[in-house]
Amino acid sequence: AAGVIQSPRHLIKEKRETATLKCYPIPRHDTVYWYQQGPGQDPQFLISFYEKMQSDKGSIPDRFSAQQFSDYHSELNMSSLELGDSALYFCASSLRSTEAFFGQGTRLTVV
Amino acid sequence: DAKTTQPPSMDCAEGRAANLPCNHSTISGNEYVYWYRQIHSQGPQYIIHGLKNNETNEMASLIITEDRKSSTLILPHATLRDTAVYYCIVHVNTGNQFYFGTGTSLTVIP
């Protein structure tokens with residue numbers, strides 16, 4: 001069965017650079033979620049989209065933005081990167097708000 | 001805000017049942033109980049969810065008390081591959097996020 005695809009799997013950026021993470025949800029899923037997980041921490045909700053509209057917002061820094069496109073894929077844009085942004089970033093998708101399925105994540109390292 | 005309380009860690013012998021408790025005393029009538037697990041640095045994996053009836057699937061069973069203030073996830077025959085952090089989440093199916101608390105770190109011992 002198709003799963004949530006995230007790209008890239010690994011990304012290394014320098015401070016103050018910009019990064020774009022991509023998420024391709026399970027086909028026919030209409031809801032996408034983004035999470036950030038720092039070392040030794042639990043996943044923290046960033047933002048979600050339902051039918052291409054932002055539906056909920058968590059602890060997402062103003063330097064980050066995201067959107068969901070007409071084909072339902074989503075991108076998380078991160079600007080002015082800081083060392084503290086180094087983390088695993090997970091995307092999940094669901095049909096409406098039922099069980100969400102997570103991708104394998106993007107490991108972002110800021111140096 | 002945390003809506004669930006779980007023990008921080010548990011051990012279980014391989015082949016035995018693992019029973020993971022969760023307290024959710026402030027659960028609302030329209031909130032479901034979801035369980036996820038995360039094996040080191042992998043994406044969280046959906047296990048099971050329920051509203052008020054007990055549920056079973058190929059991975060686990062979910063027992064919800066009659067007052068819905070607590071639940072137990074049961075892995076009937078734990079294997080070493082079940083070593084993971086298990087998260088109990090209350091979620092309304094019109095909601096737009098799954099809130100991960102601190103979870104229970106389960107270690108299955110050979």
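So that the names make sense, note that chain A is the first sequence line, chain B the second, and so on, each numbered from 1.
- For Q37(A), the part lying under 4.5 angstrom from a heavy atom of chain B is the side chain only.
- Of the listed residues (I47(A), T98(A), T31(A)), the one with the most heavy-atom contacts under 4.5 Å to chain B is T98(A).
- Remark: aromatic rings of Y87(B) and Y35(A) are distant, center separation not under 6.0 Å.
- One hydrophobic cluster, built from ILVMFWY side chains closer than 4.5 Å, cannot hold both V111(A) and L21(A); they sit in different ones.
- Within a 6.0 Å sphere centred on NZ of K52(A), heavy atoms belonging to other residues, nucleotides or ligands number more than 12.
- Residue-environment remark: CZ (R96(A)) stays at or below the threshold of 12 foreign heavy atoms within 6.0 Å.
- For Q45(B), no part lies under 4.5 angstrom from a heavy atom of chain A.
- Around CD1 of I109(B), the count of heavy atoms belonging to other residues, nucleotides or ligands within 6.0 Å exceeds 12.
- Summarising the geometry of D42(A) relative to T102(B), their closest heavy-atom pair is OD2-CA, 3.3 Å, with the distance given to 0.1 Å.
- Within a 6.0 Å radius of CG in D67(B), other residues, nucleotides and ligands contribute more than 12 heavy atoms.
- Under a hydrophobic-cluster definition in which Ile, Leu, Val, Met, Phe, Trp and Tyr are linked whenever side-chain heavy atoms come within less than 4.5 Å, directly or via other members, I89(B) and I64(B) are assigned to different clusters.
- A pairwise comparison of heavy atoms in F98(B) and A100(A) identifies CE1-CB, 3.6 Å as the closest pair.
- The heavy-atom pair separating G43(B) from Q104(A) by the smallest distance is N-OE1, 3.9 Å.
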